[in-house]
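Structure first, then comments.
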Amino acid sequence: MPELPEVETIKNELAPWIVGQSFTKVAIPDAKLLSGCSVRDVRRALVGQKVERLERRGKYLIFHLSNGQVLIIHLRMTGSLLLDPEEVGRYARAVFHLSNWHRFVFSDRRRLGKMWLVEDVDSVVCKLGPEPLDRGFTPNVLRQRLSRHHIPIKAALLDQHIVAGIGNMYADEALFAARIHPLRKADQLSLEEIRTLHNNIRRILRAAIGSKGASVDSYVRPEGELGTAHFDFKVAHRGGERCPICGGTIERVVVQNRGTYFCPRCQPLDRRPLTQKCAAAGLHERLKASRSLGSSSLILT
DNA sequence: CTTGGGACCTGGCTGC
DNA sequence: TGCAGCCAGGTCCCAA
């Protein structure tokens, strides 16, 4: 599933082959791929145009063309861009031939990917939230954006209008690293929690780019290699396994129709001190009793 | 305005 | 072995 680190990797690895080259031939066997333009429009506009620059914004890949137009690709769930594959394959949705005799293929098993040809990038990506790796993305920016939403923090991190580029895997990893339960309300995190979350979002995304992305499902890099970021996952897609911190069992819940993995011990829903929790639950006596017995923890249900 | 839920899409998996 | 039915999740769209 291409999220920010995967799209960034694709951009970095594709750029040396594409930037400065022009399109010589474009085939789009799957017209459903296109949003707001026809196959003929795209072929006519692209052929002969040079790619001036390749850019990523959130999970969007942006090709700046020499005529000022912009080709934008979103890979969604199962899309990939393959450089010079031996065969185009049965899932090829678009094939781009370049002036250096290389070609790249937009391959997408589930056909959820999208492609736009526009005059103005903002007509497609204007509503995206800030780039989490930009200098301007400070803890205060994150705090301000989260404070407007009374929804689970997991849902807020997945909302591209709040922050761009984070998907299901990295949201789970960042919340685990910050020890924040995925169902905590976005507008009720403390400043300290937001600082920790902000720090971990950036750390985890940077590390994942360093590992060239996570190949959990169908993600492959343009030249066919896999990424290795998933080997560093602590909770994502690890339901039922042991938590690497506390040894407890990693659980899976569904938040906003998304499989969500977390450690209930490391990411408690209620973070108030134990004494306050017990007061709220009317459990003074039980706490005293458990302490007098030398118990260091109390299970609240 | 915000929030939640369904649609899109299809290969792969589960269970009968 | 075959097949129906469910699941995965990024984004858009609609209803409350």
Side-chain angles (χ1 to χ4, degrees), chain A residues 1-11 28-37 56-62 72-81 89-94 106-116 118 121-129 131-132 144-175 182-188 201 205 208 213-220 227 229-230 233 235-240 250-262:
Chain A
M1 293 142 230
E3 302 181 24
L4 186 153
E6 288 75 28
V7 180
E8 179 72 15
T9 301
I10 291 167
K11 184 204 79 178
I28 305 176
D30 183 6
K32 285 200 63 164
L33 179 67
L34 295 171
S35 192
C37 51
R56 179 194 57 74
R57 177 82 172 90
K59 302 171 192 170
Y60 293 82
L61 196 55
I62 301 165
I72 303 179
I73 289 179
H74 196 302
L75 300 168
R76 295 277 179 95
M77 294 293 300
T78 52
S80 53
L81 294 178
R90 58 186 286 215
Y91 304 122
R93 311 299 178 201
F106 184 166
S107 180
D108 187 5
R109 207 176 59 198
R110 278 167 58 185
R111 301 176 72 199
L112 289 164
K114 285 279 167 221
M115 196 160 84
W116 298 258
V118 293
V121 181
D122 282 343
S123 62
V124 178
V125 302
C126 63
K127 288 176 180 165
L128 284 185
E131 282 294 318
Q144 279 180 352
R145 301 190 79 85
L146 292 180
S147 69
R148 294 198 283 267
H149 297 275
H150 191 69
I151 56 175
I153 181 63
K154 169 68 185 283
L157 292 180
L158 293 181
D159 187 337
Q160 303 299 297
H161 309 110
I162 299 176
V163 188
I166 301 173
N168 204 37
M169 305 179 296
Y170 297 107
D172 283 355
E173 288 301 306
L175 288 173
L183 289 176
R184 295 278 306 285
K185 296 293 191 212
D187 60 353
Q188 288 174 6
I201 287 170
L205 292 178
S215 291
V216 289
D217 190 11
S218 55
Y219 165 72
V220 288
H230 53 295
F233 284 173
V235 293
H237 297 280
R238 294 192 184 278
I250 295 164
E251 284 189 11
R252 178 183 183 276
V253 293
V254 174
V255 183
Q256 208 189 257
N257 279 329
R258 298 292 169 263
T260 296
Y261 301 89
F262 72 108

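Each chain gets a letter, A, B and so on, in the order its sequence line appears, and its residues count up from 1. Predicted model, so just to flag it, every value in this text is computed and none were measured.
Remark: P of B:dT3 and CZ of A:R148 are 11 Å apart, rounded to the nearest angstrom. Rounding to whole angstrom units, CG of residue A:D159 and P of B:dT2 are separated by 10 Å. We find that CD1 of A:I151 is positioned 12 Å from P of B:dG5, with the value rounded to whole Å. The CD atom of A:E3 sits 10 Å away from the C1' atom of C:dG9 (whole-angstrom rounding).
A perpendicular orientation is assigned to the rings of A:H74 and A:Y60, their planes being inclined by more than 60° (bins at 30° and 60°).
When heavy atoms are screened at a 4.0 angstrom cut-off, A:L112 is found touching base atoms of the nucleic acid. Backbone-only contact: A:M1 has heavy atoms under 4.0 Å from sugar-phosphate atoms and none from a base.
Scanning both residues, A:P152 and A:P182, for their nearest heavy atoms gives CB-O, 3.5 Å.
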Enumerate all atom pairs, one protein N or O and one N or O from nucleotides 10-13 of chain B, separated by less than 3.5 Å.
unit_1: B:dT10; atom_1: OP1; unit_2: A:R111; atom_2: NH1; d: 2.5

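Here the CZ-CZ distance, from A:R93 to A:R111, works out to 5.5 Å after rounding to the nearest 0.5 Å.
Proximity of A:K114 to A:I72: side-chain heavy atoms (C-beta onward) are nowhere separated by under 4.5 Å.
Scanning for side-chain hydrogen bond (donor to acceptor under 3.5 Å, both in side chains) contacts around A:R57 gives A:E131, with sequence neighbours left out. Annotation: side-chain hydrogen bond (donor to acceptor under 3.5 Å, both in side chains) contacts of A:N257 (sequence neighbours excluded): none. Residues that satisfy the ring pair (Phe, Tyr, Trp, His ring centres under 6.0 Å) test with A:Y170, not counting sequence neighbours, are A:F233. A search for side-chain hydrogen bond (donor to acceptor under 3.5 Å, both in side chains) contacts involving A:K11 returns A:E8, not counting sequence neighbours.
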- Query: How does protein contact run along nucleotides 11-16 of chain C, one letter per nucleotide 5' to 3', with B for base contact, S for sugar-phosphate only, - for none, heavy atoms under 4.0 Å?
  - Reply: BS----
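Nearest-nucleotide assignment on DNA chain B puts the 5′-proximal partner with A:H150, out of A:N257 and A:H150.
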